[in-house]
Amino acid sequence: MILEKIENLLKEVSSVAAKSAEEVEQLRLKYLSKKGEINALMGEFRNVPAEEKKAVGVKINELKQLAQEKINALKEALETSDAQNDGIDLTRTAYPIALGSRHPLTLVKNEIINIFSRMGFSLYLGPEIDDDKHVFTMLNFAADHPARDMQDTFFIERTNTMDVTKNVILRSHTSNDEAHYMSTHEPPIRVLCPGRVYRNEAISARAHCFFHQVEGLYVDKNVSFTDLKQVLLTFAREMFGAETRIRLRPSYFPFTEPSAEMDINCNICGGKGCGFCKHTGWVEILGCGMVDPHDLEACGIDSNVYTGYAFGMGVERITNLKYRVSDLRLFSENDIRFLKEFEGAQ
């Protein structure tokens, strides 16, 4: 009787199939668990006559081995099927993943860096959180300069003493990188410093509380204003086209003397005059000048031996001219519709 049960179970186990891991587990429980059918046969085995025990024991072991091999084979088949699954990753989201594009400010910043890199400028990234000493004092800002006022600068930590150099602030320009670099490097220096800056201004279409600048610095023997003019002319023509013209207007910056602001002929109207250039035919794009001897001496550079020039430009300003973006707020609102307009840009 027990041999007949074993033969029936051998045929049954040989023909079992499963379409899921749950079905495989149900089969394992049915045949191989403590309450399974094979274990029940072991209970009946005690009542088998002594002369038949050997033959029955061999058959039970054969059944148990077959059941174990069948369960393992079903598991392996299901795992292989899931892995192949026609190349579909079932863990992926059902929604399509759209590829993004570079932000317009990143595109323009990288282009500026590339132009000046080809002219021999190396890259330096300074701190956004800095002290008053590097942001103002070493750059020849007077102790009562308006830029040091709370209405213009974001203070993280401000002392009540007269020692303003202990103040910790969010830098209001990338010129602080000049102070850091000149303090730690000996001339000749030719460096470009891009980064984000912060000013306590009301946010509007034409102004923001944070924006991006690129600062350039060259210090060596016999550096002249003519060198500065030629470098800026080369940059303007590389960025806006070979026919671009520039003009330099006298200006004032605490850290340069003489100082100037540079305009280019409006690339929207071709210099004929339009609303963008306020009908002058010219658009301001950067400030520049010869490094003030005070700055050189404050950084440990002998101003009797070395001279230098510096320039700084707003990345948003250049981007406005290049892509004609009228509202500065669009750059930081992360509007996908706006960013998709630059998918074709490199």
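Basis for what follows: all heavy atoms, side chains included, without hydrogens, waters or symmetry-related copies.
Scanning both residues, Asp227 and Ser224, for their nearest heavy atoms gives OD2-N, 2.9 Å. Shown here for Gly126 and Asp177, the closest heavy-atom pair between the two residues is CA-OD1, 3.1 Å. Summarising the geometry of Thr174 relative to Gln213, their closest heavy-atom pair is N-OE1, 3.0 Å, with the distance given to 0.1 Å. Contact detail for Ser172 and Val135: the closest heavy-atom pair is OG-CG1, 4.1 Å. In this structure, Ala236 and Ile246 approach most closely via the heavy-atom pair CB-CG2, 3.7 Å. Of all heavy-atom pairs spanning Val24 and Ala18, the tightest one is CG2-CB, 3.6 Å.
Formation of a donor-acceptor pair under 3.5 Å by the Arg249 side chain with backbone atoms of Glu261 is not found in this model. Within the 3.5 Å criterion, the main-chain N or O of Gly195 finds no donor-acceptor partner in the side chain of Glu128. Glu23 places a side-chain N or O within donor-acceptor distance of the main-chain N or O of Lys19, the cut-off being under 3.5 Å. Remark: side-chain polar atoms of Asn176 are not paired, donor with acceptor, to backbone N or O of His134 under 3.5 angstrom.
Proximity of Leu170 to Phe210: side-chain heavy atoms (C-beta onward) are nowhere separated by under 4.5 Å. Considering only heavy atoms from C-beta on, Asn265 stays 4.5 Å or farther from Glu243 through its side chain. Looking at Val191 and His185, their side chains never come closer than 4.5 Å, going by heavy atoms from C-beta outward. Inter-residue side-chain proximity for Phe331 and Glu316 is flagged as met; some heavy-atom pair is nearer than 4.5 Å. Val325 is listed as a side-chain neighbour of Asn320, based on a closest heavy-atom distance under 4.5 Å. Here the side chains of Phe116 and Val214 are not in contact, with every heavy-atom distance at 4.5 Å or above. Within the 4.5 Å cutoff, side-chain heavy atoms of Met138 are placed close to those of Cys299. With contacts defined as side-chain heavy-atom distances shorter than 4.5 Å, the pair Leu248/Phe225 qualifies.
Clustering ILVMFWY residues whenever any of their side-chain heavy atoms sit less than 4.5 angstrom apart, transitively, puts Met290 in a cluster other than the one holding Ile301. Neither Met119 nor Val291 shares a network with the other; the hydrophobic side chains, linked directly or stepwise wherever heavy atoms of I, L, V, M, F, W or Y lie under 4.5 Å apart, form separate groups for each. Both Met262 and Val315 belong to a single network of hydrophobic side chains, linked directly or stepwise wherever heavy atoms of I, L, V, M, F, W or Y lie under 4.5 Å apart. When the side chains of ILVMFWY residues are joined at heavy-atom separations under 4.5 Å, either directly or via intervening members, Phe235 and Tyr323 end up in a single hydrophobic cluster. By the rule that hydrophobic residues join a cluster once side-chain heavy atoms approach within less than 4.5 Å of another member, Leu123 and Ile318 end up as members of one cluster.
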task: Show your reasoning for whether side-chain contact (heavy atoms from CB on, under 4.5 Å) applies to Val231 and Tyr218.
output: CA-CA 11 Å; Val231 164; Tyr218 178 40; over 6 Å; no
task: Step by step, work out the side-chain contact (heavy atoms from CB on, under 4.5 Å) result for Phe211 and Leu105.
output: CA-CA 10 Å; Phe211 50 99; Leu105 293 179; over 6 Å; no
message: Pair Ile169, Ile156 - check side-chain contact (heavy atoms from CB on, under 4.5 Å), show working.
response: CA-CA 5 Å; Ile169 62 179; Ile156 296 177; 6.0 Å; no
message: Run Met239 and Leu321 through side-chain contact (heavy atoms from CB on, under 4.5 Å) and show every step you take.
response: CA-CA 10 Å; Met239 177 63 73; Leu321 285 169; over 6 Å; no
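Annotation: Arg337, atom CZ; neighbour count of heavy atoms from other residues, nucleotides and ligands within 6.0 Å does not exceed 12. The local environment of NZ in Lys70 is crowded, with over 12 non-hydrogen atoms from other residues, nucleotides or ligands closer than 6.0 Å. Heavy atoms from other residues, nucleotides or ligands lying under 6.0 Å from CG of Asn222 number 12 at most. Residue-environment remark: CG (Leu29) exceeds the threshold of 12 foreign heavy atoms within 6.0 Å.
Looking at residues two or more places apart in sequence or on another chain, you find a side-chain contact (heavy atoms from CB on, under 4.5 Å) between Glu69 and Gln65.
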In a table with atom names and distances, give each donor-acceptor pair under 3.5 Å that connects a side chain of residues 305-313 to protein atoms at least two apart or in another chain.
{"residue": "Thr307", "atom": "OG1", "partner": "Val223", "partner atom": "N", "Å": "2.9"}
{"residue": "Thr307", "atom": "OG1", "partner": "Val223", "partner atom": "O", "Å": "2.9"}

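The CG atom of Leu192 sits 10.5 Å away from the CD1 atom of Ile115 when rounded to the nearest 0.5 Å. With rounding to the nearest 0.5 Å, the separation of CD in Glu257 from CG in Asp295 is 11.0 Å. With rounding to the nearest 0.5 angstrom, the CD1 atom of Ile71 is 9.5 Å from the CG atom of Leu66. Interatomic distance, CG of Leu296 versus CE of Met182, reported as 5.5 Å (0.5 Å rounding). In this structure, the separation between CD on Glu215 and SG on Cys288 is 11.0 Å, given to the nearest 0.5 Å. Residue Ile336 holds its CD1 atom at 12.0 Å from CD of Glu341, rounded to the nearest 0.5 Å.
Between the side chains of Glu201 and His208, not a single donor N or O lies within less than 3.5 Å of an accepting N or O. For the 3.5 Å distance criterion, the side chains of Ser117 and Asn114 fail to qualify, holding no donor opposite an acceptor.
Between Tyr198 and Phe154, the distance separating the two ring centers is not shorter than 6.0 angstrom. Aromatic rings of His173 and Phe141 (six-membered ring for Trp) have centroids within the 6.0 Å cut-off, being under it.
Ionic pairing of Lys133 and Asp131 is not present here: no N-O contact between side-chain nitrogen and carboxylate oxygen is shorter than 4.0 angstrom. Between Arg190 and Asp220 there is no salt bridge, since no side-chain nitrogen of the basic residue lies less than 4.0 Å from a carboxylate oxygen of the acidic one.
Screening Asp132, Asn140, Leu139 for a side chain to side chain contact (heavy atoms under 4.5 Å, CB included) with Phe136, the sole residue that qualifies is Asp132.
Using a 30° and 60° split on the angle between ring planes, Phe253 and Phe255 fall in the parallel class, below 30°.
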